[in-house]
Amino acid sequence: MSLAKQRVSNDAYKLRKPHQGIVMPVDVKTATDRLMRFLAVEGVTGKEAAIGRELSAALQESGVPATAIRLDDANTRIPVPTETGNLIVDLPGRGAMHNQPRIMFMTHMDTVPLCAGAKPMLAGRKIVNQAKTALGGDNRAGCGVLVTLAAELAKQKLDHPPITLLFCVREESGLYGARHVKTADLGSPVMAFNYDGGSASNVTIGAVGADRWQVEIFGRASHAGVAPERGISSTMILALALADVKAGGWFGKVVKRKRQGTSNVGPVTGGDGRPAGDATNVVTDYVHVRGESRSHDSKFFKEITKAYKAAFEKAAKRVNNSDGKSGRVKFKAETDYYPFRMKESLPVVKRAVAAVSGIGATPSIRAANGGLDANWMVRHGVPTVTFGAGQNEPHTIDEWINLDEYDRACALAVQLATMR
């Protein structure tokens, strides 16, 4: 089965379905227009209400009844302020496939804060940004794919099983939408296909797990010029802890025998965005640090976190003042998401590989080193494969979208939904 570029009146790719002589066009011009429309709507993580309304409107314009579109209440369970819940769409099955098991397509509708103020512009077979911000292809491209899928199924009256479309909130700030969705709201899909990445031919069947940790370092303030010996420097505790972590091989890329992972130290502040320390002549009495630990090994990222905790506790005991008192730390860790790796023999992986081959591409089975909404869907019991949709250099001001890959992602979605 092959995908051929044919310049017809609607500028569509032609995708031939297996076992049938039917040719299915995907209107890529309209799909691109749809993507440009979504890119123009601001919706940074936690503030997805506007893009949710735009997606709902576009779905209804594509033939999806308003009664099939709803918001869940995941935002009431997310521990950080979130404007709206996940957007869920129910598409009943049609034709000979109407009573087959339900499948799901998903993406996230938030962008990183750096995307605020983006101004998308077409430049040949790319979408670029006129503003000095990130573009938002991550993940407006995924949104475009899912709405295009609904539009093509309705317009062409294609046979397909019952389908759930899920647009998640707050993926960029902790996979919260996927984490807090109620699986009962999804209609019990037997498999899912997530769009979030670059190449449509990437069949991502695994991803790392991660801890997000934070530590509060408590010292004692003192005049640094008059009586520094009476102070307990939280800054020095931080420095000793990080030196210990680095010397032990627990920072950055972490390799311990056959086990591998990564770690990073993120923001270092005085809490609530304040600087750590008030002045150069005051011994710093408080530092707040945030960091992360990652690995494909479900136990190893916990060991990395444990190494950080031990280093901070050890460093606190080493910094004493003239009264013999030492600093103290309060270390807190939370699992952001769990690692997974699906077997290639699973039906969802076989369907994914066959569909990519079916649009004339070469499947590349891989695992991701970043977290995906799929991490939580697999945890919820829904085996989920992730594909790309043309995003490039996300989270940077150089972000751009490859429209050839976006078109393939749209064609792939239709193939996944309709293949027997």
Side-chain angles (χ1 to χ4, degrees), residues 3-17 23-41 43 51 54-64 69 87 89 91 105-109 111 118 120-129 135-158 160 163 165-167 193-202 355-356 358-361 387-392 399-419:
L3 179 69
K5 290 182 181 177
Q6 298 182 6
R7 287 299 176 188
V8 292
S9 60
N10 65 352
D11 187 26
Y13 280 127
K14 299 295 185 178
L15 176 64
R16 187 171 298 276
K17 292 176 66 177
V23 173
M24 297 189 306
V26 176
D27 185 348
V28 297
K29 181 181 184 306
T30 301
T32 298
D33 292 343
R34 193 174 283 126
L35 175 54
M36 291 290 288
R37 171 183 176 179
F38 297 156
L39 287 165
V41 180
I51 185 61
E54 196 70 24
L55 289 168
S56 179
L59 285 161
Q60 291 178 63
E61 291 163 16
S62 299
V64 178
I69 305 169
L87 183 68
V89 183
L91 303 179
F105 291 82
M106 62 182 294
T107 192
H108 66 88
M109 57 179 171
T111 67
M121 178 181 71
L122 279 169
R125 295 299 298 158
K126 295 181 179 181
I127 298 177
V128 297
N129 194 1
L135 177 61
D138 177 15
N139 203 3
R140 294 292 188 266
C143 294
V145 169
L146 264 62
V147 177
T148 294
L149 169 62
E152 296 296 341
L153 293 178
K155 181 174 68 175
Q156 300 180 53
K157 296 182 170 52
L158 299 170
H160 63 83
I163 292 173
L165 304 181
L166 172 63
F167 300 84
F193 304 101
N194 181 40
Y195 278 87
D196 188 7
S199 173
S201 60
N202 284 341
V356 172
I359 63 167
F387 303 100
Q391 304 100 310
N392 286 274
E399 185 182 7
W400 60 282
I401 297 171
N402 181 328
L403 285 174
D404 289 336
E405 287 296 335
Y406 173 69
D407 292 347
R408 291 187 189 98
C410 291
L412 177 62
V414 175
Q415 175 73 351
L416 287 162
T418 58
M419 64 189 297

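What you see is a predicted model; the values in this text were computed from it and never measured.
Side chain of Q415 to main chain of V356: no donor-acceptor pair is present (N/O by atom type, distance under 3.5 Å, no hydrogens or angles). With hydrogens and angles ignored, the 3.5 Å screen pairs a side-chain donor or acceptor of E399 with a backbone N or O of L135.
For the pair F387/V145, no side-chain contact is recorded, criterion being any heavy-atom separation below 4.5 Å from C-beta on. Residues F167 and I69 are not in side-chain contact: their nearest non-hydrogen atoms beyond the backbone lie 4.5 Å or more apart. Counting heavy atoms from C-beta outward, I51 and T111 have side chains that stay 4.5 Å or more apart. For the pair T32 and D407, the minimum side-chain heavy-atom distance is below 4.5 Å. In this structure, L39 and I401 have side chains that are in contact, with non-hydrogen atoms separated by less than 4.5 Å.
For the pair N129 and P120, the tightest heavy-atom approach, listed with the atom from each and the gap, is OD1-N, 4.3 Å. Nearest heavy-atom pair, C410 versus V26, reported as atom, atom and distance to 0.1 Å: CB-CG1, 4.1 Å. A409 approaches A389 most closely through the heavy-atom pair CB-CA, 3.8 Å. Scanning both residues, S62 and A154, for their nearest heavy atoms gives O-CB, 3.5 Å. In this structure, V147 and A58 approach most closely via the heavy-atom pair CG1-CB, 4.1 Å. The shortest non-hydrogen separation linking A200 to L412 is O-CD2, 3.5 Å.
In this structure, CG on L55 lies 8.5 Å from CZ on R37, to the nearest 0.5 angstrom. Taking CG of L403 as the reference point, atom CD1 of I127 lies at 4.5 Å (rounded to 0.5 Å). Remark: N139 CG to M109 CE distance equals 11.5 Å, nearest 0.5 Å. Considering OG1 of T418 and CG of L158, their distance stands at 6.0 Å, rounded to 0.5 Å. Distance check: L87 CG to L146 CG gives 10.0 Å after rounding to the nearest 0.5 Å. To the nearest 0.5 angstrom, N194 atom CG is 8.0 Å from H108 atom NE2.
Classified by interplanar angle (parallel below 30°, tilted 30° to 60°, perpendicular above 60°), the ring pair F105/Y195 is parallel.
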- Task: Carefully, step by step, assess L149 and L91 under the rule side-chain contact (heavy atoms from CB on, under 4.5 Å).
- Result: CA-CA 11 Å; L149 169 62; L91 303 179; 5.7 Å; no
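Taking 4.0 Å as the cut-off between side-chain N and carboxylate O, D404 and R408 do not count as a salt-bridged pair. Comment: E54 does not engage R140 in a salt bridge, judged by the lack of any side-chain N to carboxylate O separation of less than 4.0 angstrom. One finds no salt bridge joining D27 and R34 here, because no Lys/Arg side-chain nitrogen approaches an Asp/Glu carboxylate oxygen to under 4.0 Å.
Y406 pairs by the ring-ring contact (aromatic ring centres under 6.0 Å, His included) definition with nothing, not counting sequence neighbours.
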